[in-house]
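These notes concern the structure reproduced below.
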2 protein chains.
Amino acid sequence: MNDLREPLKQLATCGLPQALEVMGERWSFMILRAAFNGLVHFEEFSAELGIARNILSGRLGRLVENGVMARIRSQEDRRKVEYRLTEKGLDLLPAMLALRQWGERYGTGIATNPVLVDARDGLPIARITIRAADGRELTWQDLAWQDSARLGQSVKKG
Amino acid sequence: MNDLREPLKQLATCGLPQALEVMGERWSFMILRAAFNGLVHFEEFSAELGIARNILSGRLGRLVENGVMARIRSQEDRRKVEYRLTEKGLDLLPAMLALRQWGERYGTGIATNPVLVDARDGLPIARITIRAADGRELTWQDLAWQDSARLGQSVKKG
DNA sequence: GCAATAGAGTTTCTAATAACAACCTATACC
DNA sequence: GGTATAGGTTGTTATTAGAAACTCTATTGC
């Protein structure tokens with residue numbers, strides 16, 4: 001366990017609250033997943049998620065507001081609107097996959113489909129892991145919290 | 001009352017809904033972060049998060065129910081209870097870090113503190129990325145969805 | 001051209017849930 | 001007895017969810 005680790009009972013500041021501000025609401029990640037699955041239209045999200053229309057409208061609007069998705073009128077059919085992931089939205093993929101993999105691992109063994117693969121060789125992607133700057137895989141035992149003012153100095157683990 | 005624990009009917013099935021059922025509520029990730037920062041007692045979480053006591057009680061209970069945390073009576077002081085991350089909870093670290101890194105990257109430039117470092121060399125961990133089975137880093141362009149029944153066959157990018 | 005229809009919402013109304021504040025309780029320690 | 005710790009209870013408000021009906025524009029079929 002982490003009994004050897006010196007607990008730091010100080011206020012922590014990090015990007016998590018800001019991420020949760022955008023993605024912490026109930027349907028946000030499900031909408032994101034649908035978007036990664038190629039859905040773009042309001043009616044597609046509605047059918048896939050079974051979410052009430054007003055709520056879906058609100059969530060999509062919020063994701064657009066926060067720059068996660070872009071709202072684009074279709075050229076071919078001007079009734080249609082396309083919601084497409086922005087760069088910022090695409091950058092949420094690691095977080096979504098990490099969550100999803102965790103759910104798969106500990107959930108009630110529902111077979112995942114479809115699977116995300118490397119387009120080059122068709123093999124499923126690896127598990128999302130934590131790595132050192134030089135690429136070594138790290139576990140919680142290998143990690144320590146460090147005050148950012150002291151970065152680069154030696155670390156005491158116990 | 002279409003909630004997240006119902007299996008999806010149409011396009012995609014995966015572990016995400018199950019992960020969100022455990023971690024999708026408003027304070028769950030903040031509690032998790034506090035736990036990773038070494039907090040163990042009810043009053044510590046309460047002080048750190050400023051969350052109403054009944055809500056905190058409910059969330060902690062739910063995390064324990066779901067096996068993310070363990071509720072342990074302290075040996076030294078029998079009044080005290082320790083909430084400690086289980087293996088299952090520790091395995092949420094990649095997801096939490098990916099979210100946090102995303103928030104840092106796109107948030108309003110709040111300096112993160114403390115920073116998670118490799119205890120061996122004191123260097124901050126790398127960004128959480130998606131990798132192929134052989135370890136190559138992959139971006140969204142390199143990926144494809146594949147029906148799990150056809151794994152290993154040729155892939156067309158969607 | 002005109003009616004019917006499709007897409008993307010908005011509005012209204014209602015129910016359920018989450019959140020918060022402020023007490024209250026039950027142990028266990030001193 | 002007095003205090004610390006973990007939580008339950010009560011009451012109140014805010015938010016979220018949902019169903020159904022409505023709007024507005026664009027397209028399609030005749």
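First the proteins, then the strands, lettered A, B, ... as listed; each starts at 1. In this text, all values refer to a predicted model and were calculated from it rather than measured experimentally.
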Return the value, rounded to whole Å, for the distance between atom CE of A/M30 and atom P of D/dA17. 13 Å
B/W27 side chain N/O closer than 4.0 Å to the phosphate oxygens (OP1, OP2) of C/dA18? no
B/Q75 has an atom CD; how far is it from atom C1' of C/dA28, in whole Å? 14 Å
Across all chains, not counting sequence neighbours, the salt bridge (charged side-chain N to carboxylate O under 4.0 Å, His left out) partners of A/R71 are none
What residues, two or more places apart in sequence or in another chain, satisfy salt bridge (charged side-chain N to carboxylate O under 4.0 Å, His left out) together with A/E104? A/R100
Whole-Å distance separating the CZ atom of A/R62 from the P atom of D/dT15: 12 Å
Quick one about B/D77 and B/S74 (side-chain donor to acceptor, distance below 3.5 Å, no hydrogens or angles considered), yes or no? no
If the condition is ring pair (Phe, Tyr, Trp, His ring centres under 6.0 Å), which residues does A/Y106 pass it with, not counting sequence neighbours? A/W102
Take atom CD1 of A/I31 and atom C1' of D/dA17, then tell me their distance rounded to the nearest Å. 13 Å
Whole-Å distance between C/dT12 P and A/I55 CD1? 16 Å
Between C/dA16 atom P and B/E25 atom CD, what is the distance in whole Å? 18 Å
Rounded distance in Å - CG (B/L49) to P (C/dC20): 10 Å
Atom CZ of A/R59 to atom P of C/dT10: distance rounded to whole Å? 14 Å
Each nucleotide of nucleotides 3-10 of chain D classed B (base within 4.0 Å of a protein heavy atom), S (only sugar-phosphate) or -, in 5' to 3' order, makes -BSBBSBB
With B/S28 via side-chain contact (heavy atoms from CB on, under 4.5 Å) - residues at least two apart: B/M23, B/E25, B/R59
Which residue pairs satisfy the ring-ring contact (aromatic ring centres under 6.0 Å, His included) criterion with at least one member in residues 28-49 of chain A, sequence neighbours excluded? A/F36-B/W140
